[in-house]
Amino acid sequence: MGKPLGDSVFAGHAAAGVAAITASAVAVHPLDTLSATGSQQKMGLGQVVDRLMSASGPAGLYSGIGWSVLGKLPGLGARFGTYELLTAFYKDGKEDNYVSYSEAMLAGIAAGAVESVLCTPFELLKLRSQVGSVKPMKATDPANITKVAFPLLSKLLPGYVPDIRVWNSSVSLLSNLSPKHPDMMGALKQHPWMLTGSGKPPLPSDVQVPSRVIALEGWGALWRGLRPGMTRDCVFGGMFFSTWQFIHTAMLTWSAVNMNPQPSKLEEAGPVSPFASSLAAGFSGVVAAAASHTFDTAKSRSECTVIPKYIAMERRLLKWKVPGNWIERKTGISPADRNVLFRGIGQRMARSGFASFLLVGSYYFVIDQFLIQGCLFWYQAFVEEITKTLGA
């Protein structure tokens, strides 16, 4: 008889983690879609629901669910894995397995930084898919409009729509010169960087496929919003794990008070029940979401900005300075977003709290199921061995 999956500790915890992450991501994704589209479209919740239903139907609530799950699997795994490694380092050499609140916060900050690096490309694709769910389908591709007039532009800047009126105005200004080139207008069309200032980039909903993002914006665009995203995840991780550690310690202290005799160590008060631990994680998620929401808004709005790679090149050559004060420049917040940073904070708090509760609860539930299967396996093996012994 082969060994069951529950007999492997690593495989059991890995399967439980995958199941818990998938369950929490699927459960809260509709609320995530409504929150993301509402913050970008500057509409109320009712208006977002009506527009989404008219444009995509009920399936629009799960736009980008694949990217969300693919991003959360390595992201949350890295978050909890990094936290466990750092807390194990903090516990090394101590008499008890106690982690202080400051140590939990520092470990959470480091875990959030690792999570942000892994999740940013998937979050960008997920967010643009969600924003596209409230946009009605277009009959024609905007890139086809200028494919004939600007052939090189359609190849190097796919989806870019030049403003013909501004382009003609620029050509008329240059026509006063006496060029030696027989076809000055045609020559200018061969230099895409001359066209970037006379048009507008496509909407984020039109640039949501990885190949299209890379072709128009370059590989670096996949990590757009990394600075506000890393700030958000560091704040979220630090607040989440420190709050969770505080509640966990409070519950153990309360259990130790009612014990007779009193335990010499706090960990001897017994493990916290899975339901209580899930509630603590849910409350910690609410607190962490409230503390990091401004950076989440800045990250979402940054990821919904399409910047073609030739415009980015021009900014680097011209040494373009990022606007805003010192804090905004370091954290990646745009000064234009100052009045909308707290938009949708209630929805995100509710979503984060429920997702954290469901994540921890699902993990404990799956682990218990694996333990039950393992116990049944060893019970059956024991009965078979006894039967063989008695038969002999």
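The basis for the numbers below is simple: all heavy atoms, side chains too, and nothing from hydrogens, waters or symmetry mates. Since the model is a prediction, treat every value here as computed from it, not as a measurement.
Placement of Y364 and V18 within a single hydrophobic cluster is found when ILVMFWY residues are connected by side-chain heavy-atom separations under 4.5 Å, directly or transitively. The hydrophobic clustering, which links ILVMFWY residues whose side-chain heavy atoms are closer than 4.5 Å, places V99 and L86 apart. By the criterion of side-chain heavy atoms lying less than 4.5 angstrom apart, applied directly or through intervening Ile, Leu, Val, Met, Phe, Trp or Tyr residues, L125 is grouped together with W219 in one hydrophobic cluster. Both I65 and L76 belong to a single network of hydrophobic side chains, linked directly or stepwise wherever heavy atoms of I, L, V, M, F, W or Y lie under 4.5 Å apart. Under the 4.5 Å side-chain heavy-atom criterion for ILVMFWY residues, a single connected hydrophobic cluster contains both W67 and V117.
Looking at heavy atoms from C-beta onward, L216 lies out of side-chain contact with K309 at the 4.5 angstrom threshold. Using a 4.5 Å heavy-atom cutoff, the side chains of R212 and Q208 are not in contact. Counting only heavy atoms from C-beta outward, the side chains of V69 and I21 never approach each other to under 4.5 Å. For the pair R227 and K299, the minimum side-chain heavy-atom distance is 4.5 Å or more. Proximity of W320 to R316: side-chain heavy atoms (C-beta onward) are nowhere separated by under 4.5 Å. With a 4.5 Å cut-off on side-chain heavy atoms, T331 and P228 do not count as touching. Here the side chains of R351 and S35 are in contact, with some heavy-atom distance below 4.5 Å. Residues P274 and F365 have side chains not in contact (no heavy-atom distance under 4.5 Å, counting atoms from C-beta outward).
Listed here is the closest heavy atom pair of H293 and R343: NE2-O, 2.7 Å. What you find for V360 and A281 is that their closest heavy atoms are CG2-CB, 3.4 Å. Between V114 and A78, the shortest heavy-atom contact is CG1-CB, 3.8 Å. Smallest separation of non-hydrogen atoms from A289 and S352: CB-CB, 3.6 Å. G108 and Y83 get closest at one heavy-atom pair: N-CD1, 4.0 Å. Nearest heavy atoms, L359 versus A20: O-CB, 3.3 Å.
Atom OG of S277 sits about 7.5 Å away from atom NE2 of H248, to the nearest 0.5 Å. In this structure, the separation between CG on L226 and OG1 on T120 is 4.5 Å, given to the nearest 0.5 Å. Separating the NZ atom in K72 from the CZ atom in F122 is a distance of 12.5 Å, to the nearest 0.5 Å. Separating the OG atom in S242 from the CD1 atom in I247 is a distance of 9.5 Å, to the nearest 0.5 Å. Taking OG of S63 as the start and CG of L52 as the end, the distance is 6.5 Å to the nearest 0.5 Å. Rounded to the nearest 0.5 Å, atoms CE (M251) and OG (S273) are 7.0 Å apart.
Atom CG of N339 has 12 or fewer heavy atoms from other residues, nucleotides or ligands within 6.0 Å. Counting non-hydrogen atoms of neighbouring residues, nucleotides and ligands closer than 6.0 angstrom, the CG atom of L317 exceeds 12 such neighbours. Atom CZ of F283 has 12 or fewer heavy atoms from other residues, nucleotides or ligands within 6.0 Å.
Checked by atom type, the side-chain pair S292/R348 shows a donor-acceptor distance below 3.5 Å.
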Please evaluate residues T297 and D337 with respect to the criterion side chain to side chain contact (heavy atoms under 4.5 Å, CB included), reporting the C-alpha separation (whole Å), side-chain torsions for both, the decisive distance (0.1 Å), and the verdict. CA-CA 8 Å; T297 304; D337 299 335; 5.8 Å; no
Side chain to side chain contact (heavy atoms under 4.5 Å, CB included) between Y62 and V26: does it pass, once the steps are laid out? CA-CA 8 Å; Y62 284 94; V26 172; 4.1 Å; yes
Side chain to side chain contact (heavy atoms under 4.5 Å, CB included) between K126 and D32, intermediate numbers included: CA-CA 10 Å; K126 178 205 71 172; D32 185 22; 3.0 Å; yes
Quick one: do T82 and E115 satisfy side chain to side chain contact (heavy atoms under 4.5 Å, CB included)? Show the steps, please. CA-CA 9 Å; T82 304; E115 177 188 7; over 6 Å; no
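S133 places a side-chain N or O within 3.5 Å of a backbone atom of Q130 that can act as its donor or acceptor partner. In terms of modelled atom types and a separation under 3.5 Å, the side chain of S205 and the main chain of G132 share no donor-acceptor contact. S24 places no side-chain N or O within 3.5 Å of a backbone atom of L358 that could act as its donor or acceptor partner. Side chain of S54 to main chain of R51: a donor-acceptor pair is present (N/O by atom type, distance under 3.5 Å, no hydrogens or angles). One N or O on the side chain of R224 and one on the backbone of T305 form a donor-acceptor pair closer than 3.5 Å. Of the possible donor and acceptor atoms, one in the side chain of S278 sits under 3.5 Å from a partner among the backbone N and O of G361.
The distance between the ring centers of F80 and F241 falls below 6.0 angstrom.
Classification of K91 and E103 as a salt-bridged pair fails, no side-chain N sitting under 4.0 Å from a carboxylate O. A salt bridge links E217 with R128: at least one charged nitrogen is closer than 4.0 Å to a carboxylate oxygen.
Between Y101 and Y98, the ring-plane angle classifies as perpendicular under the 30° and 60° cut-offs.
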